[in-house]
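Residue numbering restarts at 1 for every chain, and letters A, B, ... go by the order of the sequence lines.
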Amino acid sequence: MQVQPDSELDNYLTEISPENSGIWLLKYRYMFGLADFSSFYCGTHELFEPKLRFLPHVTMSNNHGCIISRSKIAKQMGYGMSQNAFELVKQMKKDGVIDYSSNYEYYQSMSNRGFNHVAQFCDIVERYSIDELFMLFKQWDQDALPALGREIVRSTTKGVGVEICLGLAPTKLLAKVANKMAKKSPDKSGVVVLQTDAQIRAALQDFPVEDLWGIGPAYAKFLSGWNIYTALDLAMQPEYWVKQNMTVQSQRLWYELRGVSCVPMEEIPPDKKHICTSRSFAKTIDDFDLILKAVSNHATSCAYKLRKDKLNCTAVVVFLQTDKFRTEQKQYNNDIVIKLDVYSNAARVIVSKALEGLRKIYRKGYAYKKTGVMVIDLIPESHQQTALLFEEKTHNMEVEAKLSKALDSINNRYGRNTVQLGAQGNDKQLQLNAPNLCPCYTTRIEDIMKISIG
DNA sequence: TCTGGGGTCCTAGGACCC
DNA sequence: TCTGGGGTCCTAGGACCC
């Protein structure tokens, strides 16, 4: 596969720097932004509990296994990302650190607010993750750019209620670099702009190569073997070297470092290739009936996600895993693909196939830690193949679709799991360990009532 | 005591065909 | 008897992201 600067974005380039071996650009037609919320999950907790701003607090992963977000004060106290809870429990108690369970329904709604707010400042917004957005500016004034950046940060932080940082630069990768610099920047304005040749070079010279978007631990180790330690070191390698020693993704990264845009904006998110729901059990389980209920729950959730995205699947994967960290216990990991007779997103169909798979891979006598269901080979609902089917199957499909529709409308109105399939269950052993869940301040009326009274 | 969950992209290599 | 070599398709697994 050949790497070419994106054809549309190619038009941005107007002048090429004559000096140096490579392409370094002096002027750009368009500008990219990367906005991200600082300590997003913790920040959203502070919004409705203002006293938290003066207390150390963290947000925990499911089952309170590790830290996934830290408040400013917790960061200053030395609490790190992904630290295991069991190592920290005593210290946290001593330091008075509050540990919140994660509440993704609430975070998603806050993320939507951020997206809508930021959209008013640029031509295209792309949701990159729950707490990051890419922006594209088709027109801007070079001298006024820093001031525009500060205005976006000020207005969004105030309007949404959670602090943001912004990086502005001529490619997505450089915008990521600028954003990281903004987080560390001592001037506290929350913005870094990289738009001249000199600014970009200076930034890359001080930027560790392992912090680049797309360079993980494996590449970092490989690059250090070649004495490549900074982003500038990598950018100064000849293209053929990158081609020979790395992948096409790295080649794109190399172009982007040099100001040639290769990673286009994705205004409309592409259709998903697969959808997965999986959970670790709070405590290991070997009982088949309990695992069957968990798999039914996950399969129901996959079917719901499919319907929400207007997709059908043609195959279901089930997997079952023992606790990989308990190396002294006997291990068993397995998965299986079960093909569907026809495309479907109906809960009963997906669940029955998932259970068929589970029965095939379940072995008695193991302490299982995690199970999950994945739906694969996804196609849009609009691709109908009913004409090719036997009448009986077509009829069954229609019945299942109606049933799922009824299920969705009841559950959307009265809350998740108001109506369930018989195979599902919410036994105590299957419940997540989430002792300190914050209210869904923005999405659930009963929770909203709580805060207005309290 | 416990170590998340949900994704994408790319490459290598096997199977198969001509 | 020789057994090359180009092409496609599929899958497992690695690497990376938040």
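Note on A/L432: nothing from the nucleic acid sits closer than 4.0 angstrom, heavy atoms only. Nucleic acid contact for A/E132: sugar-phosphate only, since backbone atoms but no base atoms lie under 4.0 Å from a heavy atom of the residue. Within 4.0 Å of A/K221, counting heavy atoms only, lies no atom of the nucleic acid at all. Counting non-hydrogen atoms under 4.0 angstrom, A/K283 reaches nothing in the nucleic acid. If you check every strand for non-hydrogen atoms under 4.0 Å, A/H64 touches nothing.
A salt bridge does not link A/R258 with A/E239: every distance from a Lys NZ or Arg NE/NH1/NH2 to an Asp or Glu carboxylate oxygen is 4.0 Å or more.
Checked against B/dT11, C/dC17, B/dG5, the side chain of A/W213 finds its nearest nucleotide in C/dC17. Nearest to the side-chain atoms of A/S129 among the listed nucleotides C/dC18, B/dC9, B/dG6 stands C/dC18. Comparing B/dG4, B/dT1, B/dC10 by their closest approach to the side chain of A/R326 singles out B/dT1. In the set B/dT1, B/dG5, B/dT8, the nucleotide with an atom closest to the side chain of A/F86 is B/dT1. With B/dC10, B/dG6, B/dG7 as the choices, the nucleotide that has an atom nearest any side-chain atom of A/S278 turns out to be B/dG6. Comparing B/dC10, C/dC18, B/dT3 by their closest approach to the side chain of A/T247 singles out B/dC10. The side chain of A/D131 lies closest to C/dC18 when the candidates are C/dC18, B/dT3, B/dG6. Among the nucleotides B/dG4, B/dC9, B/dC10, the one closest to any side-chain atom of A/K273 is B/dC9. The side chain of A/A218 approaches C/dA15 more closely than any other nucleotide in the set C/dA15, B/dT11, B/dG4. Nearest to the side-chain atoms of A/K176 among the listed nucleotides B/dC10, B/dG4, C/dC17 stands C/dC17.
Contact annotation: A/K370 side-chain N/O to B/dG4 OP1/OP2 distance is not under 4.0 Å. Look at A/R252 and you won't find any side-chain N or O under 4.0 angstrom from OP1 or OP2 of C/dC16.
Using cut-offs of 30° and 60° on the angle between ring planes, the pair A/F222 and A/Y219 is perpendicular. Aromatic ring orientation, A/Y104 versus A/Y41: perpendicular (interplanar angle above 60°, classes split at 30° and 60°).
Position along DNA chain B of the nearest nucleotide to A/C276 versus A/I68 favours A/I68 as the more 5'-ward residue.
Taking the ring centroids of A/Y106 and A/Y441, they lie under the 6.0 Å cut-off. Ring-centre distance between A/Y128 and A/F115: not below the 6.0 Å cut-off.
Atom NZ in A/K272 sits about 9 Å away from atom C1' in B/dG6, given to the nearest Å. Whole-Å rounding puts the A/Q251 CD to C/dC16 P distance at 17 Å. Between A/I336 atom CD1 and C/dT11 atom P the separation is 15 Å, expressed in whole Å.
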Review point. Starting at the 5' end of DNA chain B, what dot-bracket string do you get if Watson-Crick and G-U pairs under 3.5 Å are bracketed, crossing pairs use [ ], other-strand pairs use | and unpaired bases use dots?
Key: ....||||||||||||||

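Within 6.0 Å of the CZ atom in A/R348, the count of heavy atoms belonging to other residues, nucleotides or ligands does not exceed 12.
Taking 90° from 0 as the syn/anti boundary, the base of C/dC2 is oriented anti.
Applying the salt bridge (charged side-chain N to carboxylate O under 4.0 Å, His left out) criterion to A/D95, with sequence neighbours excluded, gives no partner residue.
In the region residues 111-128 of chain A, proximity to DNA chain B at under 4.0 angstrom, judged on heavy atoms, holds for none of the residues.
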